[in-house]
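By convention in this document, chain letters (A, B, ...) are assigned in the order of the sequence lines, proteins followed by strands, and residues within each chain are numbered from 1.
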Number of protein chains: 2
Amino acid sequence: MTESDETPNRIIAAAERLFAEGGEDATSLRAITRAAAVNVAAVHYHFGGRDELLRAVLDRKLAPLNARRLDLLADAIAVHDPAVPLDAVLRAFLRPDLELIAELRGSGQVAFCRFMGRAYSQPGPAVAGFMQRQFEPVAARLYPLLRRAIPAVPAAELLVRMRLVVAVITGLFAGATPPGEPGPLDTDDIDEQLDRLVAFLAPGLAAPASLSHTIGGSG
Amino acid sequence: MTESDETPNRIIAAAERLFAEGGEDATSLRAITRAAAVNVAAVHYHFGGRDELLRAVLDRKLAPLNARRLDLLADAIAVHDPAVPLDAVLRAFLRPDLELIAELRGSGQVAFCRFMGRAYSQPGPAVAGFMQRQFEPVAARLYPLLRRAIPAVPAAELLVRMRLVVAVITGLFAGATPPGEPGPLDTDDIDEQLDRLVAFLAPGLAAPASLSHTIGGSG
DNA sequence: GTCTATAACTGGATAGAC
DNA sequence: GTCTATCCAGTTATAGAC
């Protein structure tokens, strides 16, 4: 609570806003310090440099996001023990993303959503690895649940399909809209968003593995 | 065929490689001209500046891509006239992307895939609008076919779901791997990739619109 | 059409006074 | 902890010789 702690916070707040608006590459340290009304050297003193600041900004959003994911997955297990149906797994997994998007939209931080989208799909040298480390504990809990929910889908195929699911999440972050406009999912109600999303994703996830491309069904 | 035409081509070729490797922001004009073994001023002479060069690079890949999409859609109409089944529409729509990814992977241009992924989902000021203009004629042909193939899905819902499909495509570009490693779709055979992709996407696209979130099915 | 040279900037980082 | 002053590598763009 010392007054000195205020400086790093001001830096983070300004960086959050500017990384979001201009993108990770287009935002200079000098622009951040100007916006935060602190000195350029302060960033080096408190964070070590530009890259470390970038990671700190992302961590502030990602740590709570994944913590919530783990909570909701634990809840789902508690309720449905032992076998959690696919819909429930997906809802627990996806809800924190929709909540974060809604929160950011609500506070006028649409640009930060796009920034998160970039961080998900195009980490860049400064945050690559960091993103994956954040996601690992979630994956460790998620996959056993999925295997149990849709045992007919082979593990390898499941991995492929979940990668496509993550691509969709990324797209939702990247395509987030300002509060006035309708979002990609065309509603502001998170439960409805979840319904639409799960209705779209679950059938594909649970679908039988394609057998042979000669019997694909297009002929 | 004059020898002078060679310079713009060398510039484009080098830009293609470097925009891919380092990303649109991280790649300087000077790095491009160094790689192309031409002078910095040549870019300004032939293209007008850095942004115009960037657009030219993208156009070289996107124009054939969308032309092929229109061809395949026309083929599908010719074969299935008048009503093209959903699988066939999706295959025609998705195949050019998979072909381009395969071609780029084959020629060691994985990084360019990631670049395309960025261009799709995070256009950036220099290429925003340009991307959409490229896509419009395809959309004009695609949507009527989709409406016919899955008339039960309301137009608004269809639009939402197709946005999710595009997010998946973007993810495939962004997640492209070098020739040795297995790709996101875990096979190098384009027909098999299409099978997997369509098997995952078609059920969700055709699914009945979610009725109410209180009957979602997670209880 | 092509090149050299340079103008006019901006970027991150840091030494050293306070 | 905070600031000034400065370093230096890098950028786009252009004027002007050839």
I need the [atom1]-[atom2] distance between [X] and [N], as an integer number of Å.
X	N	atom1	atom2	answer
A:Asn9	D:dG1	CG	P	13 Å
B:His46	D:dA13	NE2	C1'	16 Å
A:Ile32	C:dT10	CD1	P	17 Å
B:Leu53	D:dA13	CG	P	11 Å
B:Ile11	C:dT2	CD1	C1'	11 Å
B:Arg34	C:dC3	CZ	C1'	17 Å

Legend entry - Side-chain touch B:Val57/B:Phe112, heavy atoms, less than 4.5 angstrom: yes
Legend entry - Option from A:Leu72, A:Asp71, A:Leu65 for which side chain to side chain contact (heavy atoms under 4.5 Å, CB included) with A:Arg69 holds: A:Leu65
Legend entry - A:Arg196-A:Thr187 side chain donor-acceptor pair, cut-off 3.5 Å: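 Per modelled atom types, A:Arg196 and A:Thr187 side chains form no pair under 3.5 Å.
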Inset, instruction - For B:Asp186 and B:Gln193, test the side chains for any donor-to-acceptor distance below 3.5 angstrom and give the result as yes or no. - result: no
Inset, instruction - Do nucleotides 12-18 of chain C as a string where each nucleotide becomes B, S or -: B if the base has a protein heavy atom under 4.0 Å, S if just the sugar-phosphate does, - if no protein is that close. - result: BBB----
Legend entry - Pair B:Arg91 + B:Asp195, salt bridge at N-O below 4.0 Å: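 Yes, B:Arg91 and B:Asp195 are salt-bridged.
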Inset, instruction - For B:Arg50, enumerate each residue passing the side-chain contact (heavy atoms from CB on, under 4.5 Å) test, keeping only those at least two apart in sequence or located in another chain. - result: B:Phe19, B:Leu29
Inset, instruction - Please check the phosphate of C:dG1 (OP1 and OP2 only) for any side-chain N or O of B:Thr7 closer than 4.0 Å. - result: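 Looking at the OP1 and OP2 atoms of C:dG1, neither is under 4.0 Å from any side-chain N or O of B:Thr7.
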